[in-house]
**Q** 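Sharing a structure, written as structure tokens. Questions coming.
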Amino acid sequence: MTKVYGTGTYDFRRHRVAEYPVATPAEPKAASNVTAGGSGAVPSSITLSEIQRDRLTKIAEANWLTSGEAAAAREKKELDPDLVRKIYETELLVKEGSKPVPLQRVMILEVSQYLENYLWPHFDPLTATFEHVMSIIIMVNEKFRENVAAWTCFHQRKDAFKGFLERVLRLKEGRELSIAEKTNYLVFMINAFQSLEDEVVSRTILRLASLKSWHSLSYGRFQMELCLNPGLIKKWKRMIKKEPVKGGGSHLDPSTAVEVMFVRNLVEEFLEILDSQVFPQKQISGGDDEILDDTGSGLVNDACVLYCERFMEFLIDLLSQLPTRRYLRPLVADVAVVAKCHLSALYRHEKGKLFAQLVDLLQFYEGFEINDHTGTQLTDHEVLETHYSRLQSFQLLAFKKMEKLRELALTNIGSIHKRANLSKKLSVLSPEELREFVCCKLKLVSKEDPWSERVDFLIEVMVSYFEKQQSQKEAINALPLYPNEQIMWDESVVPSINYSGEGCLALPKLNLQFLTLHDYLLRNFNLFRLESTYEIREDIQEAVPHLLAYINNDGETAFRGWSRMGVPIKEFKISEVKQPNIGEVKPSSVTAEVTYSISSYRAQIRSEWDALKEHDVLFLLSIRPSFEPLSAEEEDKASVPQKLGLQYVRGCEVIEIRDEEGNLMNDFSGRIKRDEWKPPKGELRTVTVALDTAQYYMDVSNIAEKGAEDVYGTFNVLMRRKPKENNFKAILESIRDLMNEYCIVPKWLENIFLGYGDPSAAQWTNMPDLLETVDFKDTFVDANHLKESFVDYEVFFINSNGTENLNPRPPFKIKLPRTLKPSNGSLTGNAMSTAGATNGIDTADTNNQKETLIIEAYTPPDPGPYPQDQPKQNSVRFTPTQVEAIISGIQPGLTMVVGPPGTGKTDTAVQILNVLYHNCPSQRTLIITHSNQALNDLFEKIMQRDVPARYLLRLGQGEQELATDLDFSRQGRVNAMLVRRLELLSEVERLARSLQLPEDVGYTCETAGYFWLLHVYSRWEQFLAACAENKEKSTFVRDRFPFKEFFSDTPNPVFTGESFEKDMRAAMGCFRHLKTMFQELEECRAFELLKSTADRANYLMTKQAKIVAMTCTHAALKRKDFLQLGFKYDNLLMEESAQILEIETFIPMLLQRQEDGHARLKRCILIGDHHQLPPVVKNMAFQKYSHMDQSLFTRFVRLGIPYIELNAQGRARPSIAKLYNWRYRELGDLPSVKEEVIFKRANAGFAYDYQLVDVPDYLAKGETTPSPWFYQNEGEAEYVVSVYIYMRLLGYPANKISILTTYNGQKLLIRDVINRRCVPYHFIGPPSKVTTVDKFQGQQNDFILLSLVRTRFVGHLRDVRRLIVAMSRARLGLYVFCRRSLFEQCYELQPTFQLLLKRPDHLALNLNEITSYTERDVEDHGPKHIHLVSGIEEMGSIIDSLYQVKLRQEFHQNEPYSGQVEASENNENSMDIPEQAEDSDMPQQAEDTPHEIKEAITVDNHVAENIPPENSAEDVTMVDNSDGVAKEETREGASK
């Protein structure tokens, strides 16, 4: 049985938090009177005070709440089973309606910690009531729905947890559950099977999918399975022997064991509901083909439909994971679930659309191309062979046993493996004969099955077993890459934004394990395609309404308006359709020409349209609005395409673009020379586009076969998208290409990648071809640093000749033992993997004698006489854990480094690259990051290490932002090589002159190479021979060195003449300088021979560069180009890998062709932090249902793959670090944050370095939602800005303060308040940044003011990862503004909020300090001077009085900001008060500031663009976009 590894006590499950969508304000009910059977929507009128008055909250306060006054006064209560029963029956049990739970009631119970504080602590597996177990089930389901860690509270009592799961498995025995209870039970089982990384869950749950379940197979199916898998016969016999024996010596009836009948009973219960309860008013008889009117929606029981959909999801989950699939697939086939679903009334009913899609997905997984028992993927050839041999045996059987089927037996296979032909041939048999044949001879279903009476059922079983299935490759290759209008608005495939997590969807899931690489790619392909479809749909819905389409007098569509992203088409014509390739039916290419006018646009938008270039994706829309506007009633019923008048959507790709005179624009192929380029003429543009051939073939077939409308004659709008968001096609093409390749992942990584086998198998200690001795270069600052890094070893230093070294200095070479002991930072994923593999590291240490580690301290050769020859040195004193990460990274295999905030991830990565380059100079390394910013940070640090700049290359769009004089783009590197060539050739000429030789040897790199061999190297050899005979002469080297004249311009004399050895070392250095010079010239030679820029750039990328860096998006976009050029690399280092989508992490592993069937990749280094926020997925359904936001890094951690966790932070004060270091195993502090003055001093004007500030309702309002999912809190916005103004008046620099919030709505509100209150005053100005927590991930600042916004429900801050990001951005001061009573109750956030609440919840100021400088110690809160601010109003008056004090003192001194602020900042922040503001209240003055002043942003221009002016919504959106936010938030989780 394949072992599944988990993550111990940490639950890394999908943390994305759901919240139920807020209903419209028309909802009259308040929270407290929503009945248990109600829909469960949270009415928008519900407030925190109403929740507090709710009867459930009252019960919670009386019985289990741990915070608040009631809890303090209450004695600890024992469990009251009657109370549990009463709550279950009145609040949780749904008597009618389609929902399985009253969601709002469950949410209130969940917020009050009903599970953690009451149900679970008092749970006893032996005495617990049915209601108690069901209540726990419902609460666990709610945690999964909200995507918070569900099993965490159970781990404290593992035995009771096991007992609970056993109770769950036997819960149905002797009891009939209602349909809502059955659905809740089923959802719990789905969640349990999706949590196989949890040791206790998997141990209990996997029993249900064991070989024992085969006891429940029909005898015929059982025989067939054992014949197909003879290896299982022994296993079966061994299992039978182990079964318990009764008194008489016979075995107990196996069906009494819960694991034997569990799944079978569930399946049969489902089939009964599907057959008789979905349509309660009409019992469907066995042979009755006239099943219900298709539109009889009134007859459908929605609760049963939901149950059926959930059951399909359950079976799909079981068959899409190998550990559960192996023994349960025969059971699903035995009961013929798919055939019965196909014949059910629901499958064909309009309400059963989602059900039908799920059945098709189940059918796909049932016939998946894999060997269930070995886990190997079947090739297309093997699948075909199996299919033909199956049909052949069937024909033989028919020939022998069935006279009537003689014709079928003699027909060729090609004419019977299609559904229609096979059904026709089988129709000659009578019902009895057919039943006999299927049940007794073929044994496909049991004769006891009541369905076996139905002819249509038997034929369906036969046909689905023998028909030829389309292979996955064929299906993918036939699929259009662009979405069309049918898929875009299909809610069961691309759900709208407000998916609440209650139902299921026809989507694949990304969980822990995958069946094969094909399965992995297929699921990712489908999800990525649908996610991009969703984004395209949003863009269309945004662009089309602006065009104001209408029908003109001629009955044609015309447009009154204009849209930035959409332009009316003047002419569309298909110009060429090429013949299909051999073996295909679709055309090989289809091109069209689209003409449009840009006359109605202003210059900026014209330039955007004119910037279209080759490979950009455009969309062709056909819009036909209704003649009359829709009435209100029609508007409510109409779908989005009907409202927009949208008929068709087709994608296309730009081939070329021409202006009105037919001149090529934006040509990058070199057809137009640079000096011949002219600006485009006229206002008409003609774009030649490539249409999707698969889609074209489908459309043309529909026209021919069904008489459908010609789609291509109706297009009237051309739509573009933002270039950054429009790369989906290249990524989908990359995935599709990968699916058509074979054996693509390195062998050492494949099993781990799919989630099977020993999780530590790819760790360096288990890999072949290790580096025996590693030269660590400048990793260690001194010998003590090295000793500190290997505390478990006795370190012994030797010289290069083997003698002991008593005064060792770096650099050091270390012979690494394979059983290197880990420091505390190295962690296995969990207990399970340690049991299996003990981390792959031998930690046995029976006696306390330390092993010896031999270190060679060598003297590096003289690098050369010039300053530029000296290597750059590392100054970072790496911690033992960082050293361990460096050792692991330079050895082959998989290295995973978890880097908590501020622990030096980038420094560690750079040192790995540095050491790797020096130890394996011939190997090439690829660096991938998520963002350009991270890539630039990494690159800037590499440039400061001893890696020659000529070996570095940066691909993609971000190289312009590099803070360096050097250009690291392809073109920049080529130019640098050409410039360097000229510099070196002039040096060669100088050398030739110094040797009295002709200077023409420096004409080309080739002549220089001959010069090196003939004149330079030969002279050196003669010199060495002479030296060997004259070692005793101290001045010999100085006198006889052949290149003395060349080196006469060195800053210091090269030779002293004092000793032969010293001079000889210097001579060696000079020769090394010359050798490097000629080696560089040899590398420049290719650039001399290659004449075209493109060839030079490609040579540079494929041969010259040793370290190539790009973003994951660039890697996916350019994969095809990399393969064509023969790009090669040996090592992959990925930064920010917990923020990269799984598929975007996978593609960079495969940017090179295989060599002789083997992948070249030797090392894969993933650096990230799964405790911070995951990749951005815009659609909630794909996040929550399909877990698309799970990165590969997080999945590897969940699988228990060993990782190294860096364990010392150097960013924040130790006190602030405590707010988030509980989430990490042993996160300590570097000495610098304890010792440096800046961290020891208090924040002037504040009593504390961090504080939670409770913000009550402001103007009788807490949170507001001006539009759905758009949360704002005016009180918090005003308070935060007041504190910011207070800090500026004290003299804190604006660029040291950032304001963060958890919602886009609040971000825009705060920017408005800043525009009103700060921007007009140059001595205040805007802060460094006002943005969301999600956008600020990866950045930091000295002072952070954080607004949490919510006052009704905690919202998406319940995702602990968002909390960790929020708490870890500040270095010196963090002030959190929120509603205390709401957040202190939240179970997930307890460790942080308990610390915050140890301090007063009113802002504590020290009003005696009126500058930003203080000598006060951070621990000294100045109790005599603490002033607690009562609220927003008092804060306003404090600012006012401080402002007046400043004026009176005429404060003109510079800001002594901890002695570290530059003079420019001091000047900028000195208090030059404008005259007109002298005697007024500054904040009020700001309120009345005229509009012109608002826009006159005079302070901190480098951050002013973050603050939008108040006047126009469009401007706000533009600012938002400059900040990286695509659109205004339309859902709660969209604050990314």
Side-chain angles (χ1 to χ4, degrees), residues 724 727 872 886 889-890 895 897 899 905-918 920-921 923-977 1097-1119 1121-1122 1125 1127-1140 1144-1152 1160-1168 1193 1338:
K724 271 191 174 176
N727 50 28
K872 297 168 186 167
I886 293 166
I890 57 183
T895 298
V897 181
K905 295 189 281 284
T906 309
D907 287 323
T908 308
V910 166
Q911 194 61 21
I912 290 173
L913 293 168
N914 186 16
V915 177
L916 204 48
Y917 164 74
H918 287 288
C920 311
Q923 292 187 9
R924 311 182 70 221
T925 303
L926 177 64
I927 303 175
I928 298 285
T929 66
H930 173 245
S931 64
N932 277 313
Q933 176 63 43
L935 198 50
N936 291 343
D937 289 349
L938 198 65
F939 225 67
E940 281 161 26
K941 287 192 174 177
I942 295 170
M943 282 153 46
Q944 292 159 15
R945 295 298 161 86
D946 185 22
V947 180
R950 65 181 187 276
Y951 292 141
L952 302 176
L953 176 64
R954 163 87 165 76
L955 300 179
Q957 298 302 312
E959 71 267 5
Q960 298 95 330
E961 299 152 21
L962 269 170
T964 166
D965 303 333
L966 303 171
D967 182 351
F968 284 93
S969 66
R970 260 192 285 196
Q971 190 56 52
R973 288 291 85 204
V974 169
N975 293 341
M977 289 301 282
N1098 292 337
Y1099 173 82
L1100 181 93
M1101 186 180 82
T1102 53
K1103 298 282 191 291
Q1104 165 88 6
K1106 296 276 191 274
I1107 294 176
V1108 182
M1110 65 187 90
T1111 63
C1112 54
T1113 310
H1114 188 81
L1117 288 176
K1118 300 289 181 188
R1119 180 176 184 269
D1121 298 351
F1122 291 139
L1125 292 169
F1127 182 59
K1128 292 269 185 281
Y1129 54 98
D1130 305 87
N1131 314 310
L1132 172 67
L1133 183 140
M1134 209 170 287
E1135 254 261 48
E1136 301 184 310
S1137 54
Q1139 283 176 263
I1140 306 179
E1144 290 187 333
T1145 317
F1146 183 58
I1147 291 173
M1149 295 180 183
L1150 308 160
L1151 299 181
Q1152 56 189 343
R1160 176 170 168 159
L1161 193 66
K1162 299 175 181 65
R1163 291 171 189 79
C1164 182
I1165 303 150
L1166 302 179
I1167 301 177
F1193 188 89

**Q** Would Asn975 and Gln971 count as having a side-chain donor-acceptor pair, cut-off 3.5 Å?
**A** yes
**Q** By side-chain hydrogen bond (donor to acceptor under 3.5 Å, both in side chains), which residues pair with Thr908, not counting sequence neighbours?
**A** Gln882
**Q** Give the intermediate values and the outcome of side-chain contact (heavy atoms from CB on, under 4.5 Å) for residues Leu1161 and Leu1132.
**A** CA-CA 8 Å; Leu1161 193 66; Leu1132 172 67; 4.0 Å; yes
**Q** Can you list the residues that meet the side-chain hydrogen bond (donor to acceptor under 3.5 Å, both in side chains) rule with Lys1106, with sequence neighbours excluded?
**A** none
**Q** Test of understanding: with side-chain hydrogen bond (donor to acceptor under 3.5 Å, both in side chains), list the residues that count as partners of Glu1135, not counting sequence neighbours.
**A** Thr906
**Q** Identify the two heavy atoms, one from Ile1147 and one from Ala1116, that lie closest to each other, and give their separation to 0.1 Å.
**A** CG2-CA, 3.9 Å
**Q** Decide yes or no for Leu1166 and Thr895: does some side-chain heavy atom of the first lie under 4.5 Å from some side-chain heavy atom of the second?
**A** no
**Q** When you measure from the side chain of Lys905 to the backbone of Gly899, do you find a donor-acceptor pair of N or O atoms at a distance under 3.5 Å?
**A** yes
**Q** Using salt bridge (Lys or Arg N to Asp or Glu O under 4.0 Å) as the criterion, list what pairs up with Arg924, not counting sequence neighbours.
**A** none
**Q** I'd like to know whether Val1108 forms a side-chain contact (heavy atoms from CB on, under 4.5 Å) with Ile927, so could you lay out the CA-CA distance, the side-chain angles of the two residues, the decisive distance to 0.1 Å, and finally the verdict.
**A** CA-CA 6 Å; Val1108 182; Ile927 303 175; over 6 Å; no
**Q** Suppose we screen for ring-ring contact (aromatic ring centres under 6.0 Å, His included). Which residues come up paired with Tyr917, at least two apart in sequence or across chains?
**A** Tyr951
**Q** What's the spacing between Leu952 CG and Leu913 CG if we round to 0.5 Å?
**A** 9.5 Å
**Q** For the side chain of Thr1111 and the backbone of Ser931, is there at least one donor-acceptor N/O pair under 3.5 Å apart?
**A** no
**Q** State the OG1-NE2 distance between Thr929 and His1114, to the nearest 0.5 angstrom.
**A** 12.0 Å
**Q** Considering non-hydrogen atoms only, spot the tightest contact between Cys1112 and Ile1140 and give its length.
**A** SG-CG2, 3.7 Å
**Q** Step by step, would you call Phe1127 with Gln1152 a side-chain contact (heavy atoms from CB on, under 4.5 Å)?
**A** CA-CA 6 Å; Phe1127 182 59; Gln1152 56 189 343; 5.5 Å; no
**Q** Check whether the side chains of Asp907 and Gln911 place a donor and an acceptor atom closer than 3.5 Å, and report yes or no.
**A** no
**Q** I'd like to check the side chain to side chain contact (heavy atoms under 4.5 Å, CB included) partners of Gln1139; sequence neighbours left out, ordered by chain and number.
**A** His930, Glu1136, Gln1337
**Q** Of all residues at least two apart in sequence or in a different chain, which pass the side chain to side chain contact (heavy atoms under 4.5 Å, CB included) check with Ala1115?
**A** Ile928, Met1110, Pro1148, Leu1151
**Q** Does Arg973 reach the main-chain N or O of Ala949 with its side chain, forming a donor-acceptor pair under 3.5 Å?
**A** yes
**Q** Can you list everything that forms a side chain to side chain contact (heavy atoms under 4.5 Å, CB included) with Gln923? Sequence neighbours excluded, please.
**A** Cys920, Asp1130, Asn1131, Lys1162, Arg1163
**Q** What pairs with Arg1119 under side-chain hydrogen bond (donor to acceptor under 3.5 Å, both in side chains), at least two apart in sequence or on another chain?
**A** Glu741
**Q** Test Leu1133 against Leu926 for side-chain contact (heavy atoms from CB on, under 4.5 Å), laying out the working first.
**A** CA-CA 6 Å; Leu1133 183 140; Leu926 177 64; over 6 Å; no
**Q** For residues Leu953 and Met1101, determine if any side-chain heavy atom of one lies less than 4.5 Å from a side-chain heavy atom of the other.
**A** yes
**Q** Roughly how far, to the nearest 0.5 Å, is the CZ atom of Phe1122 from the CG atom of Asn1098?
**A** 10.0 Å
**Q** Search all heavy atoms of Ala909 against all heavy atoms of Leu938 and return the closest pair with its distance.
**A** CB-CD1, 3.9 Å
**Q** Indicate yes or no: at least one non-hydrogen side-chain atom of Phe1193 is less than 4.5 angstrom from one of Thr1145.
**A** no
**Q** Residues in side chain to side chain contact (heavy atoms under 4.5 Å, CB included) with Asp1121, at least two apart?
**A** Lys1118, Gln1124
